[in-house]
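None of the values given here were measured: they were computed from a predicted structure. Chain naming here is simple, since letters A, B, ... match the order of the sequence lines and numbering starts at 1 in each.
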Amino acid sequence: MSNSKSDILQGTLDMLILKSVSLGAMHGYAIAQRLQQMSRDVLQVQQGSLYPALHKLENKGWLKAEWGESGTGRQAKFYSLTRKGRQQLEAELANWERLAHAVSVIMRTAE
Amino acid sequence: MSWIQRFINRKRLDRQLADELKFHYDQLAEDLLRQGMTPEQARREAALRFGGQSQVAEECRDARGTVRVESLVRDVKYAIRVLAKSPKSIVMAVAAMALAIGANTVIFSGVHALLIKPLPYPEEEELFMLFGAIPGESGLAFSPREFQVWQTGAQTFSSFGVFTGTSFTLRGRGEPTPVFGVMATPGVFSALGVSASLGRVFDGSNTHAGHDHVVVLSDPLWRKWFGSDPDVIGRSVYLNSESHTVVGVMPPDFIFPSEKYQLWVPANLNSGIFQRFPDAHFLKPIGRLRPGLSTSHLSAEVDVLAKRVAELDRSSKRSVSFVALPEVVRGPVRRPLLALMAAVSMVLFIACANVASILLARATARYREFAVRMALGAARLRLVQQLVIESTLLAVTGGAFGVVLALVGVRLVKSMGPGSLPGVERIQVDTPVLIFAVGLSLLTGIVFGLAPAMLAARRAGTNGLRQGTRSTGNQSANRAQRAMVAVEVAIAVMLVAGASLFVHSFVRLSSINPGFRPDHVLAASIVLDERSYPEENQMLRWTRSAIEQARSIPGVDAAALGSHMPFSGQGWGNGYEVEGRPAEPGKGYVAQIRPVSPDFFRTLGIAIRQGEAFTERDVAGAPGVAIINEKLAQKFWPDESAVGKRLRYDDAWLTVRGVVADIKHVRLDAETDPEIYVPYEQLPPQLMKFVGRALMVVVHGSLDPTSMASALRNALQSADPSLAIRELQPLERLVANSLAASTFRTWLLAAFSGISLILAAIGIYGVMSHLVAQRMQEIAVRLALGAPRRTVLQLVVGRALTEVAIGLGIGLAGAVALVGTIRSLLFGINEYDPVAFTIAPLIIIATAIAASLPPAMLAARADPVLWLRTD
């Protein structure tokens, strides 16, 4: 279960979750919908796999969770970014941009 | 929340998780419904897009980080269920562990209290005691003159002092109470470095007249006598009729020099006995080494100062040595305790072999269960973990019971009295001991559960679900079991042999004739203190009146008294001369001097070999007489009568009136010293007032002990009501107390060998039950073919004996090899004593027969039809 492909995917997923939540508290379903929206359906992940990631981020202290009323009136668990989470998001963003830049440079020069 | 909180709240978190996932799924289904799917399609599509709920839930739970602990808890619960299913073997395993851990905890509590725990003084390794030695004797005390030399000359000590123990009568509140106390110079307290918890300890100012009547109390004495009164400082109390002011109370765990001593008074070296007997050796020096100095400095100084002392003292060949205080305290107990630890570890070993054997038997019976689990994907490690958890649970439960047993055991040990082991009063089951018990349980559980577990898991893996694994898979387990029984028997034999040797030795020891008749003799100890009895005529008035009163008790036919009586713990060694037999230059004769009243020999039933006993007429002013013992008589007059010969220990020549049989004075197994009995009345006044104050009154009578005791107490108190009677007990008990150490050893080793026999019996029982179960078919066939039930019994018991034979052989060989180490503890018997070495194997054989009888009888009574029908 731990090959490099899913590790990268896991790390990316964490970053995307943090980004989604940075705009405001959301419950898991809303995050899933937002991710689909943002990636324009490119990212196809099983919606369920969101939750282990959410719980891990919550245990790490980057997300905090509260139970509240959803739009439909049902009780749902809402996640929001903590200060540490915000710092983590910025760090990961910076990393990602560096990585993307490096990859594109390599790809371009190889031609 | 931290992972601990997550673990505790896991049920609630699981529920929340389920709700959360359901919410998502429902929302998804709803949206799909709104997009136009049918409810069926919506649900299916939602499930597809979401993924398996249970798998997601599981992954979320993993993310919680408490997985390992949760699975451990689950394993423990499962282990408990499994263990509860076969109570009989589990009870045996727990019982075995309880006995072994209990015994080990008891011994460890002794080791901890007496060898490991630091002494109640700071930097205990800097404290040293000094001892004198002459050829033939060591551990001697110093004299006041010697102390002066040391006090002025010693450079290597930062503080230095001397002390001596003495008995006091405490008065001022209620009954006069006998108490042991210490006279010490202030240097002793500064050397020890412990300050009082209330008030202060005494210092240099308290060694001068006018300021020296102060006293420091021990915490227990303060609690008992003064009721923990916080205003006790400044109060007065009477010690031997002299008023002393309380200046301090020591902290609760302060002990010096042993638990016996409850108060400390300053020693004024310019007065009292120090002034009058400057060459008497009764002071014990203790000092603290200056920081930075080593024992080589001390050694050099000891040499220098010992020479200086030798210049003062005429022809003594006296040398001085030093011993670190921790060694003084721990030295005497080290060997016995370590020996006990060795013995009790053997018991532990047997118990572990038992438990391992039981676990192995159970594990082999569960092959199928393991094989199935492994087929379903369980890791072998997980199975081993499961089994180790079971064995650890067993061990810990056993350990818990063991601690309870240890509490009882420690109380029993302490009840054997102070003579059994120096410092035994200090033993208790405190925190470090409990930690030891817990640690030992866990360790044995894990270590001795591991081997059977790994064996079983491997077997289950290879043989798997194959049918008929009973015969092959069981073989190695069987062999292991029988090997363990052999080991158990070997160890049990060694313990039983050791115990038999001790018991035989003890029987020999306690049947030694002490030379006098201790039965029906009552002994009362009193002290005639200086304040109430300053002069010898007052002392004599009391002694005469006491004997009168004692003799007039109805039922008493003889009464006597004396100082330095047999088994009183007192001795008086003195040089002596024999008329016409000068000693070689540089040597002198030494004998024990015993001042007694005339009826002494009659009261104690000591046989008179030559001449006659003392009479009422042998008083001060009359011609000096003495009675010597056979040892002395043999030394100088082997072929003639000693009566009429003359000798002296002091200035006056004494005529020998008679010769009496040798008696044991201190220990039954010690040689008798040459003894000179003198009439108490004829003691020179100075000596009577110095050594003649601690007396023992003995009466011989036909009454029962209790009524005689109260009658004697009344009689003595009528002579002087304010005199405290320190001890009143049958002389037999005093003699028995001298055997306390030997009694202690023997009982403990007997207890351990008893435990090891029980454990070995359990092991044999287990193996035999197993073997019987395996061979039931064969036995059933024999019974069906008409064999009498008796032959089945013989078969099983005979098999048991062959199993035991190997262990027996090894054990006996081991015992013979190791028995040399206890030679010094045995009395009157050779270490290869045939009696002990015959009894030990017989006991083992009897145990083996007894242990194999239940399975044998079960087999013999079996209905062959039943057994032949099933498979």
Side-chain angles (χ1 to χ4, degrees), chain A residues 1-2 6-7 9-11 13-14 17-18 20-21 25-37 39 41-80 82 84-85, chain B residues 1-37 39 41-70 377 379:
Chain A
M1 208 161 88
S2 73
S6 59
D7 270 351
L9 191 61
Q10 185 63 40
L13 185 58
D14 288 350
I17 292 176
L18 289 176
S20 316
V21 170
M26 298 173 101
H27 57 61
Y29 183 59
I31 296 176
Q33 289 190 305
R34 169 70 60 82
L35 282 180
Q36 256 186 319
Q37 214 179 39
S39 71
D41 285 333
V42 165
L43 281 182
Q44 299 279 11
V45 288
Q46 292 240 294
Q47 298 201 353
S49 64
L50 209 53
Y51 285 93
L54 281 170
H55 283 239
K56 194 162 53 91
L57 292 172
E58 185 189 350
N59 290 341
K60 277 199 183 151
W62 296 343
L63 291 179
K64 63 177 186 285
E66 262 179 345
W67 281 83
E69 235 182 62
S70 74
T72 55
R74 276 181 70 170
Q75 286 286 316
K77 197 172 174 191
F78 286 82
Y79 293 91
S80 53
T82 61
K84 257 174 55 176
Chain B
M1 48 171 91
S2 71
W3 73 258
I4 300 177
Q5 290 170 303
R6 291 202 289 272
F7 175 73
I8 296 175
N9 288 311
R10 62 190 185 283
K11 284 224 175 65
R12 181 161 65 91
L13 290 176
D14 280 344
R15 256 178 294 137
Q16 287 183 345
L17 179 63
D19 287 344
E20 193 180 2
L21 297 181
K22 184 146 198 312
F23 172 77
H24 186 124
Y25 175 81
D26 288 343
Q27 293 287 85
L28 190 54
E30 264 185 46
D31 282 350
L32 291 171
L33 207 60
R34 236 177 281 138
Q35 286 172 19
M37 291 192 194
Q41 285 176 314
R43 271 200 295 271
R44 213 177 326 135
E45 184 65 23
L48 256 159
R49 292 209 198 164
F50 188 80
Q53 273 205 32
S54 47
Q55 192 179 350
V56 170
E58 174 130 357
E59 284 176 30
C60 287
R61 273 195 291 265
D62 281 348
R64 212 187 286 158
T66 58
V67 168
R68 212 158 273 164
V69 178
E70 283 181 28

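Heavy-atom distances place no part of A:E58 under 4.5 Å from chain B, backbone and side chain included. Heavy atoms closer than 4.5 Å to chain A are found in the backbone of B:L48, but not in its side chain. In this structure, chain A has no heavy atom under 4.5 Å from any part of B:Q55. Within the 4.5 angstrom heavy-atom criterion, no atom of A:A30 approaches chain B.
Contacts of B:F7 classified as ring pair (Phe, Tyr, Trp, His ring centres under 6.0 Å), with partners at least two apart in sequence or in another chain: none. Partners of B:H24 by ring pair (Phe, Tyr, Trp, His ring centres under 6.0 Å), not counting sequence neighbours, listed by chain and number: A:Y29, A:Y51, B:F50.
Rounded to the nearest 0.5 Å, atoms NE2 (A:H55) and CD (B:E59) are 11.5 Å apart. One finds the CD atom of B:Q27 at 6.5 Å from the CZ atom of A:R74 (value rounded to the nearest 0.5 Å). Atom NZ of A:K77 is separated from atom CG of B:L17 by 7.5 Å, given to the nearest 0.5 angstrom.
Of all heavy-atom pairs spanning A:P52 and B:C60, the tightest one is N-SG, 3.4 Å.
Atom CD of B:E70 has more than 12 heavy atoms from other residues, nucleotides or ligands within 6.0 Å.
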